Every structure is written in C-alpha cells, then in structure tokens.
Chemist: 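This is the structure, below, for whatever I ask next.
Keep in mind it's a predicted model, so treat the numbers as computed, not measured. Throughout, a chain's letter reflects where its sequence line sits, starting with A, and its residues are numbered from 1.
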Amino acid sequence: MAILVVAEHDNQQLKAATLNTVTAASLVGQDVDLLIAGAQCAEVARQAAQIRGVRKVLHCDAAHYADQTAENLAALILSVSASYSHLFAPASSFGKNVMPRVAARLDVAQVSEITAVEAPNRFVRPIYAGNALATIESDDPVKVVTVRATAFAAAEMGGSASVEPLSASPDVSKVRVVGRELTQSARPELGNAKIVVSGGRGLGNGEQYRALLEPLADRLNAALGASRAAVDAGYVPNDFQVGQTGKVVAPQLYLAVGISGAIQHLAGMKDSKIVVAINKDPDAPIFQVADYGLVADLFEAVPQLTAALAQ
Amino acid sequence: MKILVPVKRVVDANVKIRVKSDGSGVETANLKLSMNPFDEIAVEEAVRLKEAGIASEVVAVSIGDTGCQETLRAAMAVGADAAIHVEADTATQPLAVAKLLQAIVAKEQPQLVICGKQAIDDDANQVGQMLAALLDWPQATFASRVQIAGGEATVTREIDGGLETLAMPLPAVISTDLRLNEPRYASLPNIMKAKKKPLATVSPAELDVDIAPRLKVVSVDEPSVRQAGKLVSDVAELVGMLRNEAKVI
Ligand SMILES: Cc1cc2nc3c(=O)[nH]c(=O)nc-3n(C[C@H](O)[C@H](O)[C@H](O)COP(=O)(O)OP(=O)(O)OC[C@H]3O[C@@H](n4cnc5c(N)ncnc54)[C@H](O)[C@@H]3O)c2cc1C
C-alpha cells in the first residue's frame with residue numbers, strides 16, 4: 001500500500017496545506033510519496049524532500065505544468081497512479097479542481113474533504129455544512145481523497161527523502177491562463193494563521209472594514225477573513241471568505257466582528273479554539289458558538305480593542 | 001448553441017437539518033426542498049447567455065425521485081426551455097451522476113455544460129470536474145465571470161489566492177461560484193408557462209449507466225457542538241479573558 005500526495009505549490013514555495021495532507025496520508029500507511037509537478041520548481045522539490053514521513057519525492061518539471069491546469073495535472077497523476085492504492089491532495093481550490101478528474105478517469109469514487117482517517121478505506125467527512133459527519137467506506141481499488149487541512153496537524157520538517165525525476169506526460173490541455181489577480185498581503189495566510197480577524201456586513205463598507213480591522217489584525221499579527229455578505233458587497237476580495245463554500249479555518253483565536261453567524265459561516269470556523277464575537281444584536285446566532293461575546297457597537301468596540309492590545 | 005444545466009434537489013439552505021437517531025443518515029422527511037443554490041446560479045447564467053443571443057437553447061437535467069420534476073419546472077420558470085428527468089430512487093453519488101450526464105450529453109450534444117460547483121447537502125464538489133474528464137472536455141471550475149465568444153469560453157475563477165482567468169475552446173464544462181450572478185425570481189406568468197414546457201423522463205438503464213453506489217455510508221453522526229461561552233461587559237474584560245483565561249494573545 002503506497003500513498004501519493006499531490007503537493008500544492010506555486011513553483012517557488014510549497015503550500016502549507018501539503019504538510020497537513022502528508023499527515024493524513026501517514027495515517028493510512030508508511031509509504032508516502034509526494035508529487036511535485038510544475039515548471040522550474042526544483043526548489044519546491046528540495047523543500048518537499050525535508051518533510052518528515054515522506055519516502056520519496058517525484059519531481060516533474062515541464063513548461064506545461066507551470067499553470068497547474070487540471071487537465072495536464074490529472075494526466076500526469078494518472079501516469080503514475082498504478083503504483084498507488086491512495087491518491088491524496090489538499091481540499092483547497094487546487095485539489096478540488098484536479099482530483100475529481102483523476103477519480104473519474106480511474107472509474108473510482110472520490111472521498112472529498114476528509115477530517116479523519118479511521119482505516120485505510122474508511123474516512124470521516126462533514127456533510128450539510130458540517131451539521132453532520134459521515135463515516136464513509138470505499139472498496140474501490142484506488143482511493144482518491146481530498147483532505148481538510150485544518151483537521152490534521154502539519155507534518156514536521158527535518159526529513160531527507162530522495163528526489164526522483166519523473167518524465168512529463170504530453171501536453172493535453174486546451175486551456176490557456178490569460179490572467180491572474182492574486183491578493184498580495186504581508187499578513188499570515190488565512191488557512192493556517194494562528195489568529196483570524198473576520199468582518200461581516202456590520203462593517204458597512206470596504207473603507208470601514210479596512211479602517212477598523214487592519215489595525216486590529218496588525219496588532220495581533222492576524223490574517224483577515226470575511227463573511228460571504230462582506231465579500232459579495234465588495235468590501236474585500238473573494239479569497240477572504242470563510243465558510244461552507246469558502247475557506248475553512250481553525251485558528252487559536254477567531255474574532256467575528258459584525259457577523260451574524262449563519263450556518264454557512266459557522267461551517268468554516270467552528271473548529272477554532274477560541275471564538276470571540278462582537279455584535280450589537282444580543283440574539284445573533286454567533287453568540288451561541290462564541291467563547292467570549294461582547295454585545296456592542298463595533299465602531300466603538302473595535303478601536304477600543306486595538307488600543308487596549310497596545311498596552 | 002445548446003447549454004445543458006444539471007440541477008439538484010436539496011434540503012433548502014435555510015433549513016437546519018437533524019441527524020437521524022439511528023445514525024443511518026440525515027432526516028429529510030417533511031423538510032423544504034429547493035434547487036441547490038449553486039445550480040440556480042448555473043441556470044441563471046445559461047438563461048442570460050440565451051438572452052444575449054449566444055445560446056439558442058437551455059436544457060435542465062435533474063437526477064432523483066419524482067420530486068425533481070418540481071425543481072425542473074422551477075428551472076423552466078426562470079427560462080430553461082426544456083427538461084430531462086433521470087429517474088433514480090436511491091441517492092446517486094457524484095461519479096454516477098457524471099456518467100448519467102455524459103450519456104445525456106451524447107444525446108443532446110450541448111456545446112456547454114454549466115453546473116453548480118457543489119451541492120449543499122453532500123458538499124462533494126466533484127460532478128463538473130468528473131463530467132469534464134469523462135467527456136475529455138476542458139473545465140473551468142468556481143466561475144465568477146463567464147464570457148463566450150468565437151467558440152471560446154473565457155472564465156474567471158475564484159481560487160484560494162484570488163482570481164484566475166482561463167480561456168478554452170468549446171465544448172467545455174463550467175462550474176459556478178456564488179458571485180457569478182444573482183438569480184432572478186420566477187414571475188407567476190412564467191411559472192404557468194413552465195408547466196407547458198417539455199419535460200422528458202429517462203431511466204439510468206435506458207442510458208446504460210450503472211448507478212450503484214461506490215461509497216458505503218457506515219454512519220452519520222452529530223458533530224460535537226460548541227457551547228456558548230460567556231458574555232463580557234466591555235473591551236477591558238474581553239482583553240483580560242483572552243490574556244489570562246484563554247491565553248491566546
Ligand atoms: C449556498 C450558500 C453558501 C453560502 N456560503 C457562505 C460562506 O461560505 N460563508 C459565509 O460567511 N456565508 C455564506 N453564505 C451566506 C450566509 O447564509 C449569510 O448570508 C452570511 O454569512 C451573512 O453574512 P454576515 O453575517 O456578514 O451578514 P448579516 O447576516 O447581515 O449579519 C451582519 C451582522 O452585523 C451586525 N451588526 C450590524 N451593525 C453592527 C454594528 N454597528 N456593531 C456590531 N454589530 C453590527 C448585525 O447585528 C448582524 O448580526 C452562504 C449562503 C448560501 C445560500
């Protein structure tokens with residue numbers, strides 16, 4: 001039984017979720033290999049070789065993997081899949097995009113976004129926005145699985161796996177990447193920050209969101225997040241959205257400011273260690289999941305909080 | 001150009017579900033069922049492409065029990081021209097859904113399939129990608145903007161780091177994200193008109209697709225619930241709690 005983990009990276013740096021995915025894979029078995037497919041990504045392969053618990057790194061370097069299109073990546077994964085009983089990837093927009101393509105070609109089911117490994121063929125995954133947990137068994141010859149990063153600890157560094165070159169599959173993609181607008185930020189990544197400050201519709205507009213929450217996030221070295229309502233209204237970019245259909249986060253501290261606490265939002269943050277809610281409506285559902293609730297006008301409370309943290 | 005739009009009937013997004021006490025699944029009896037919200041967005045996008053003169057026909061497909069016909073009528077009430085109901089009594093898993101859709105694509109010959117990125121019941125996020133793989137078509141998942149011109153689709157996708165725009169030749173599969181559009185409501189006259197639009201039924205056997213589930217659901221359990229904590233009276237108390245009790249700052 002060998003497990004292939006498809007690494008997520010940007011040709012320069014391994015994405016953190018890959019480390020959590022390695023941990024999940026290690027719960028299935030010892031022989032965990034990592035696939036790094038990209039263009040001029042030798043540095044990523046070098047980083048990956050240091051992940052503890054990785055047996056070997058397959059490094060495939062070719063221009064047509066630069067953009068990580070689902071079509072080309074799936075074809076490459078299929079070229080090596082016969083050696084593996086399990087194919088794992090993070091349940092990020094990257095893994096969600098690629099893995100079902102692999103599963104369909106193998107004529108096997110995919111188990112999406114697992115939160116626990118109970119046996120090599122048995123996994124737990126949330127359904128209905130996390131309001132139920134399904135334990136799923138797969139008897140397919142290959143298990144294609146995506147992994148919710150927040151449910152598994154990050155694998156540690158300090159290993160020394162071998163790096164083996166893997167030959168590229170033919171370029172089969174008809175897709176061209178014609179634009180990319182990536183959010184630039186010096187803040188920690190939302191998906192694995194220790195503290196997240198999230199704002200909702202209560203902030204009123206993007207200017208007020210930034211004026212109030214950026215200084216607070218700076219003070220706490222926190223990532224910034226948002227509710228769907230705040231993203232839809234254009235206060236912040238789409239990749240800030242926390243929830244059932246956005247990002248799932250589980251920081252040490254999650255501060256929900258002007259967020260009501262809809263089921264779909266809770267689905268993305270209810271595994272946080274400590275939740276703080278600031279909302280002027282004492283009946284807001286967010287208070288039912290908050291460890292500390294402050295019923296207050298956020299326009300007064302947030303600047304006070306930022307100031308108090310400076311002391 | 002014909003557009004195919006798969007629509008799933010799911011427990012309404014505003015309903016809080018309950019897990020069955022015997023752990024066999026989720027209680028869905030007597031709950032309000034609606035079109036999966038992402039599929040509403042897919043129908044809306046297809047109808048807008050038709051209104052813009054880019055598409056000629058929009059066909060909605062739903063897989064499940066007879067209740068699906070209500071969902072298909074809802075799709076036709078907002079502008080789909082015709083509907084196909086694939087009759088299935090058991091819950092169909094994503095791979096089987098993708099195969100059924102592949103068979104329907106072979107019959108209907110659409111140039112574009114627009115589907116929701118995930119269904120809000122099983123949260124699987126698989127069907128569009130699987131269908132694209134089976135058809136060997138290019139895919140654009142999590143779309144927040146779609147333009148069709150000159151036999152090519154240009155699609156902006158919502159990805160973890162921001163936005164990415166892809167261009168691809170048709171035929172292709174697009175899956176919708178929340179910000180692609182705001183679905184319209186059906187007007188009463190259009191609801192009446194939808195009752196007269198063609199709705200065909202077909203069985204998985206007629207499509208020659210085996211829909212036996214591949215994944216076994218061993219149990220469905222209640223997640224651990226967070227308990228409400230305490231209310232603090234002011235910011236100073238909050239900071240004290242975070243520093244001295246929770247010790248997270
Ligand atoms: C298919 C689907 C998927 C979805 N996915 C997601 C998702 O991934 N993530 C997500 O977040 N949502 C998602 N939603 C939307 C979700 O249902 C809610 O609509 C959304 O979370 C509400 O955002 P909000 O809490 O910011 O806004 P609101 O519900 O409008 O709440 C605003 C809050 O701000 C408070 N407030 C206002 N002014 C002040 C003030 N001055 N001081 C203090 N408090 C104030 C109000 O009391 C209120 O509680 C989804 C919905 C659907 C149907």
Side-chain angles (χ1 to χ4, degrees), chain A residues 70-71 74 92-93 96-97 100-101 103-105 108-112 122 126-138 140 174-183 220 228 232 237-239 245 252-253 263 270 273-274 276 287-295 301 304-305 308-309, chain B residues 11 13 16-17 19 26 93-95 98 118 120-126 129-130 132-134 138-139 141-142 144 154 156 158-169 178-179 214-223 226 228-232 234-236 238-239 241-242 246 248-249:
Chain A
E71 292 78 1
S92 54
S93 60
K96 287 173 175 171
N97 189 41
R101 241 185 129 99
R105 281 292 174 88
V108 301
Q110 172 177 299
V111 186
S112 292
R122 196 194 268 231
I127 55 174
Y128 288 91
N131 287 301
L133 294 175
T135 303
I136 301 288
E137 234 170 59
S138 162
D140 280 330
K174 300 175 194 137
V175 174
R176 282 176 297 128
V177 176
V178 293
R180 236 183 223 142
E181 284 168 55
L182 300 184
T183 307
L220 292 166
R228 173 189 173 182
D232 283 2
N238 62 282
D239 55 311
T245 58
Q252 293 291 304
L253 173 60
I263 299 175
K270 69 184 162 112
K273 183 161 173 263
I274 298 289
V276 170
F287 287 122
Q288 290 162 23
V289 300
D291 298 281
Y292 303 107
L294 177 60
V295 180
Q304 284 173 11
L305 179 58
L309 290 169
Chain B
V11 175
K16 180 141 175 27
I17 55 99
V19 172
V26 164
Q93 294 179 353
L95 181 62
Q118 79 192 67
I120 59 165
D121 50 4
D122 63 15
D123 284 330
N125 198 327
Q126 297 176 11
Q129 299 88 313
M130 286 185 157
L134 295 176
Q139 71 185 44
T141 51
F142 326 146
S144 63
T154 305
T156 301
E158 295 200 355
I159 57 171
D160 285 346
L163 297 171
E164 175 182 85
T165 304
L166 304 179
M168 62 193 64
L178 293 169
R179 282 165 281 278
R214 296 293 189 83
L215 298 174
K216 190 170 113 197
V217 180
V218 180
S219 66
V220 174
D221 302 292
E222 202 79 63
R226 278 193 90 93
K230 48 185 126 184
L231 288 180
V232 293
D234 55 27
V235 165
L238 175 62
V239 172
M241 289 291 174
L242 293 177
V248 285
I249 55 171

Chemist: Relative to chain A, which segment of B:V239 carries a heavy atom at a distance below 4.5 Å: side chain, backbone, both, or neither?
Modeler: side chain
Chemist: Under a 4.5 Å heavy-atom cut-off, does chain A meet the side chain of B:A246, its backbone, both or neither?
Modeler: both
Chemist: Shorter than 4.5 Å, heavy atoms on both sides: which option in A:V177, A:N131, A:L253 has the most such pairs with chain B?
Modeler: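 If we count pairs closer than 4.5 Å to chain B, A:N131 comes out on top.
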Chemist: Does any backbone or side-chain atom of A:L220 lie under 4.5 Å from a heavy atom of chain B? Answer side chain, backbone, both or neither.
Modeler: side chain
Chemist: Please lay out, stage by stage, how B:T156 and A:E181 fare under the test side chain to side chain contact (heavy atoms under 4.5 Å, CB included).
Modeler: CA-CA 10 Å; B:T156 301; A:E181 284 168 55; 5.8 Å; no
Chemist: With a 4.5 angstrom heavy-atom cut-off, could you sort out which part of B:V26 is near chain A: side chain, backbone, both or neither?
Modeler: side chain
Chemist: If you count heavy-atom pairs within less than 4.5 Å of chain B, which of A:K273, A:K174, A:Q252 leads?
Modeler: A:K174
Chemist: Relative to chain B, which segment of A:R122 carries a heavy atom at a distance below 4.5 Å: side chain, backbone, both, or neither?
Modeler: side chain
Chemist: With a 4.5 angstrom heavy-atom cut-off, which part of B:A236 approaches chain A: side chain, backbone, both or neither?
Modeler: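 Interface part for B:A236: neither.
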Chemist: Could you go step by step and tell me if A:D239 and B:E158 meet the side chain to side chain contact (heavy atoms under 4.5 Å, CB included) rule?
Modeler: CA-CA 7 Å; A:D239 55 311; B:E158 295 200 355; over 6 Å; no
Chemist: Please report the interatomic distance CZ(A:R101) to CE(B:M130), rounded to the nearest 0.5 Å.
Modeler: 12.0 Å
Chemist: Given a strict heavy-atom distance threshold of 4.5 Å, which part of A:D140 is in contact with chain B: side chain, backbone, both, or neither?
Modeler: side chain
Chemist: Is it the backbone or the side chain of A:A74 that comes under 4.5 Å from a heavy atom of chain B, or both, or neither?
Modeler: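 Nothing of A:A74, per the 4.5 Å heavy-atom cut-off to chain B.
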Chemist: Using every non-hydrogen atom in the two residues, find where B:L95 and A:A104 come nearest and quote the distance to one decimal.
Modeler: CD1-CA, 4.0 Å
Chemist: Counting only non-hydrogen atoms closer than 4.5 Å, does B:V217 touch chain A with its backbone (N, CA, C, O), its side chain (CB onward), both, or neither?
Modeler: both
Chemist: If only side-chain N and O atoms count, and only distance matters, is there a donor-acceptor pair under 3.5 Å linking B:D234 with A:Q304?
Modeler: no
Chemist: Flag the one option from B:D160, B:T141, B:I159 with the top tally of heavy-atom pairs under 4.5 Å to chain A.
Modeler: B:D160
Chemist: Sort B:P223 into side chain, backbone, both or neither according to what part of it lies under 4.5 angstrom from a heavy atom of chain A.
Modeler: both
Chemist: Of the listed residues (A:N238, A:V178, A:V175), which shares the most heavy-atom pairs with chain B below a 4.5 Å separation?
Modeler: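 With the most close heavy-atom pairs to chain B, the winner is A:N238.
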Chemist: Looking at B:V11, B:V232, B:V19, B:L163, which one has more heavy-atom pairs under 4.5 Å with chain A than the rest?
Modeler: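 The answer is B:L163.
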Chemist: Look at A:V295, A:I263, A:L182 and state which one has the largest set of heavy-atom pairs under 4.5 Å with chain B.
Modeler: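 Most pairs with chain B among the choices: A:L182.
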Chemist: Flag the one option from B:T154, B:L178, B:L134 with the top tally of heavy-atom pairs under 4.5 Å to chain A.
Modeler: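 Max contact count across the listed options: B:L178.
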Chemist: Count the heavy-atom pairs under 4.5 Å between each of A:L294, A:V276, A:T183 and chain B, then report the option with the highest count.
Modeler: A:L294
Chemist: Please classify the contact between B:L238 and chain A as side chain, backbone, both or neither, with a heavy-atom cut-off of under 4.5 Å.
Modeler: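 The answer is the side chain of B:L238.
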Chemist: If we define contacts as heavy-atom pairs under 4.5 Å, which of B:K230, B:M168, B:M241 has the most with chain A?
Modeler: B:K230
Chemist: Please identify each residue that fulfils side chain to side chain donor-acceptor pair (under 3.5 Å) with A:S112, with sequence neighbours left out.
Modeler: A:Q110, B:Q126
Chemist: According to side chain to side chain donor-acceptor pair (under 3.5 Å), who are the partners of B:D123, at least two apart in sequence or on a separate chain?
Modeler: A:Q244, B:Q118
Chemist: Sort A:I136 into side chain, backbone, both or neither according to what part of it lies under 4.5 angstrom from a heavy atom of chain B.
Modeler: both
Chemist: Please determine, among A:I127, A:D232, A:L133, the option with the most heavy-atom pairs under 4.5 Å with chain B.
Modeler: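 Most pairs with chain B among the choices: A:L133.
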Chemist: Measure distances from B:I249 to the heavy atoms of chain A and classify the residue's part below 4.5 Å as side chain, backbone, both or neither.
Modeler: side chain
